[in-house]
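Everything below concerns the one structure shown next.
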Amino acid sequence: MGKYQEDAKQLLKDIGGKENISAVTHCATRMRFVLNDESKADKDAIDDIPSVKGMFTNAGQFQVIIGNDVATFYNEFSDISGIEGVSKEETKKAAKKNQPALQRAIAVLAEIFTPIIPAIIVGGLILGFRNILEGIEFGGSTIVENSVFWAGVNDFLWLPGEAIFHFLPIGITWSITRKMGTTQILGIVLGITLVSPQLLNAYDVATTAAADIPNWDFGFFQIDKIGYQAQVIPAMLAGFLLAYLEIFFRKHIPEAVSMIFVPLLSLLPTIIAAHVILGPVGWWLGDLISKVVNAGLSSSVSWLFSFLFGGLYAPLVITGLHHMTNAIDLQLISSFDTTNLWPMIALSNIAQGSAVLAVVFLHRGNEKEEQVSIPATISCYLGVTEPAMFGINLKYVYPFVAAMIGSAFAGMFNNLMNVRANSIGVGGLPGILSINGEIGAGWWGFAIAMLIAFVIPLVLTAVFRKYNIFNKIDRVEPELVTPEGVVMTGETTVEDPSVANEKTETVTTEELFAPTDGTLLPIEEVSDPVFSQKMMGDGYAVQPKNGHVYAPVSGTISSIFETKHAIGILTPGGAEVLVHMGLDTVELKGEPFTIKVDEDEKVTPETLLAEMDLEKVTQAGKKTDILTVFTNAEKVSDLKVEKSGEVSAKSRLGEVILKG
């Protein structure tokens, strides 16, 4: 009998049987299912399967976390179920069938904006810093007025701060061609034609008389020479037209001449359509959307609009619909120079973090949960809410509701004070850097709104738990303590730890090392929630400077994943260590990796495990983080990483204490 045969049988039964599975595949740690009806999956029963370490649903996929042995589990599951697995890309395509049309459209929008969001955030932070230099006064004058140096810094930072916003159409058209699998350089060229210096800058259109707007004169008709700097919808319309034209002509033009005619017949008509039809229509539509949103946030019922948006933003994150706010924010900035929407998003991040912080306090002493809740709180305050919402708040429900209420009141106060942001920035506490200090209550108004978002969820979470409001699985029952030291709580009897018999157990200490040269990161900062929420276990990550990957511990190679991106090591003390090279690199099918060891080989921190082609990984759109994860958490008593910042390969980072 196989190692996981019984667990695989149980999973097949609990997931709704063979007939409920549309597609299945796996990566380095997870079984990935596309289910015909997710409601048929018994999640409580699945969670009780010994080899299952967690589960979650993402992008239409029901993902079950197994760990290092997922390949073995997958093979035994396939034998039992008779279901042949498919590639990860085919699974993604199948998963989209489970998504409503609106959710699929939003997913496309998210895929377009995700690659350019880092540049937008950097631009927002720089503009926020310039806002401080130009807005804060000392003795009646600003920093730039008092200092030649800071005036020069402020002037120079205009370049990176404004670049992404002025030339946003280039980023959008490039990202669309990347997502659609068409020629990316054509997308870049199209974007340039929308913001060319030959055109009247979009920021100057409103102040230019109609008679003074330049045009291309073709005798019997003219086309206005208007640029689309910072415009979102015109760029999206043009980008999709280009992509679909290229796909069409690829199918119908012979390959022998496709290199000439496909780019020509795709790009030229798109440029014409962009300036004659798509640009003007997109400008009008974008302007209409921004005016409607701005009107809602500045009308006589703005208090209600902002209260609802502040409260409902977190549920939007769950559905994925929050991605459309990026486009709306950018359009608001284009139309009004600032946005009154984004500050409320930053406040929602803070509210979710405060609700988790309350759970940390209420459940203090729960070391297993703290491995998720404490990092999730920190990530929320820095603008990333998914670990907190999916790891803690939605699990218990009442903290999630408390955070929604706190966010609603904070958003309403923020909008009543007319607090606006210069740009999209980092959410959470750093959000104050993007606030315009000269409009409305400015920084002080946002600071008070942050305090509201911090306090209300803390208080309500405690109240909801105490009185069992919105609380089904974390109910507080009266306690009766008997003289024998037994605590009676409702229907359960548990031994009082203060009088329990103490058990002695041996401990082993093993040293931890850097697997490569680079920047050491806490595992909580890794962008994959399976790792950052420690669903796989505790550990650390290094952002590599080169592709040489060494063993982070001494031990024996227990497994080498088929696609070469992950290696398992068993230490003398019994720790199961996963060395995971890159994020989502299972899709690369081993191409960027060269393995230098064999299974059952003894290794030390001096042993070169593998070489990773960082350029290939990056070009594929993947993160290069190298993770060291201790996957048998029950074995780990304490993990101490004593270093931070830049580290060198094979250098000692700390130690792990293992239970006997």
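No hydrogens, no waters, no symmetry mates; every other heavy atom, side chains included, goes into these values. Note that the numbering runs from 1 along the sequence shown for the chain.
Taking the six-membered ring for Trp and the full ring otherwise, Phe513 and Tyr550 have centroids separated by 6.0 Å or more.
The two atoms that bring Leu194 and Pro169 nearest to each other are CD1-CB, 4.1 Å, heavy atoms only.
Under the side-chain hydrogen bond (donor to acceptor under 3.5 Å, both in side chains) criterion, Gln198 pairs with no residue at all, not counting sequence neighbours. For the salt bridge (charged side-chain N to carboxylate O under 4.0 Å, His left out) test, residues two or more places apart in sequence or in another chain that qualify with Glu646 are Lys545. With sequence neighbours excluded, no residue forms a side-chain hydrogen bond (donor to acceptor under 3.5 Å, both in side chains) with Ser306. Every residue meeting the ring-ring contact (aromatic ring centres under 6.0 Å, His included) condition with Trp158, not counting sequence neighbours, appears here in chain and number order: His166. Applying the side chain to side chain contact (heavy atoms under 4.5 Å, CB included) rule to Ile192 yields the partners Ile170, Ile188; only residues at least two apart in sequence or on another chain are considered. A search for ring-ring contact (aromatic ring centres under 6.0 Å, His included) contacts involving Phe309 returns Tyr313, not counting sequence neighbours. Applying the side chain to side chain contact (heavy atoms under 4.5 Å, CB included) rule to Ser648 yields the partners Asp517, Ser651; only residues at least two apart in sequence or on another chain are considered. Scored by the side-chain hydrogen bond (donor to acceptor under 3.5 Å, both in side chains) test, Tyr540 finds no partners at all (sequence neighbours excluded). For Val281, the side chain to side chain contact (heavy atoms under 4.5 Å, CB included) partners two or more places apart in sequence, or in a different chain, are Ile277. Remark: Asp528 pairs with Arg30 by the salt bridge (charged side-chain N to carboxylate O under 4.0 Å, His left out) rule, at least two apart or across chains. Under the rule for a side chain to side chain contact (heavy atoms under 4.5 Å, CB included), the partners of Leu199 that lie at least two apart in sequence or sit in another chain are Ser196, Trp216, Lys225, His275. For Thr183, the side-chain hydrogen bond (donor to acceptor under 3.5 Å, both in side chains) criterion is met by Glu246, not counting sequence neighbours.
Dense packing is recorded around CZ of Phe336, with more than 12 heavy atoms of other residues, nucleotides or ligands lying under 6.0 Å away.
Using a distance-only test at 3.5 Å, with no hydrogens or angles considered, no donor-acceptor pair links the side chain of Asp224 to the main chain of Ile226.
Considering Asn422, Thr339, Asn418 in turn, Asn422 is the only one that fulfils the side-chain hydrogen bond (donor to acceptor under 3.5 Å, both in side chains) rule with Asn436.
Under the 30°/60° scheme for interplanar angles, the aromatic rings of Phe454 and Tyr381 are found to be tilted.
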